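Source: prediction; values computed, not measured.
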Amino acid sequence: MSERVRVRVLLVVGEEAEVVADVPADERAEPVRYPAGDVASAVGLSVRELPGKRLTAVVDGRDRLSEWRLA
């Protein structure tokens, strides 16, 4: 089963975007990295516009995100 969740892009490191759940800092897990180009392309932004953006994504049974959208 999958669900759509709110996430935030913290920063871009090289070719990867660091993504965390869009919740208060004390409730967050460690950032997870995804290919920045894939995320940017999915939401219609450039890679350099990603840091700080709030998005939604579908989380699958393995806790991997996909189907990115601007929140």
Student: Run the side chain to side chain contact (heavy atoms under 4.5 Å, CB included) test against V32 and tell me which residues pass, sequence neighbours left out.
Tutor: Y34, R64

Student: List the residues meeting salt bridge (charged side-chain N to carboxylate O under 4.0 Å, His left out) with E49, not counting sequence neighbours, and say none if there are none.
Tutor: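 Checked E49 against salt bridge (charged side-chain N to carboxylate O under 4.0 Å, His left out); zero matches.
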
Student: R4: what forms a side-chain hydrogen bond (donor to acceptor under 3.5 Å, both in side chains) with it, not counting sequence neighbours?
Tutor: T56

Student: Starting from L70, can I reach V9 by hopping between I/L/V/M/F/W/Y residues whose side chains sit under 4.5 Å apart?
Tutor: yes

Student: Among all residues two or more places apart in sequence or in another chain, which pass the salt bridge (charged side-chain N to carboxylate O under 4.0 Å, His left out) test with R69?
Tutor: none

Student: Are any of the side-chain heavy atoms of L50 and V43 separated by less than 4.5 Å?
Tutor: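 Yes, close enough: below the 4.5 Å cut-off.
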
Student: Applying side chain to side chain contact (heavy atoms under 4.5 Å, CB included), can you list everything that pairs with V47, at least two apart in sequence or on another chain?
Tutor: V12, A36, A40

Student: Taking only distance into account, with no hydrogens and no angle test, what donor-acceptor pairs under 3.5 Å do side-chain atoms of residues 14-26 form with protein atoms, sequence neighbours excluded?
Tutor:
from, atom 1, to, atom 2, distance (Å)
E16, OE1, R33, NH1, 3.4
E18, OE2, R33, NE, 3.0
E18, OE2, R33, NH2, 2.9
D22, OD1, R54, NE, 3.2
D22, OD2, R54, NE, 2.9

Student: Should V39 and V58 be counted in the same cluster of Ile, Leu, Val, Met, Phe, Trp and Tyr side chains packed under 4.5 Å apart?
Tutor: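 Different clusters: V39 never reaches V58 through Ile, Leu, Val, Met, Phe, Trp or Tyr contacts under 4.5 Å.
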
Student: For S66, what residues pass the side-chain hydrogen bond (donor to acceptor under 3.5 Å, both in side chains) criterion, not counting sequence neighbours?
Tutor: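 side-chain hydrogen bond (donor to acceptor under 3.5 Å, both in side chains) check on S66 returns nothing, list empty.
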
Student: By side chain to side chain contact (heavy atoms under 4.5 Å, CB included), which residues pair with R48, not counting sequence neighbours?
Tutor: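 Counting only residues at least two positions away or on another chain, R48 forms a side chain to side chain contact (heavy atoms under 4.5 Å, CB included) with S46.
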
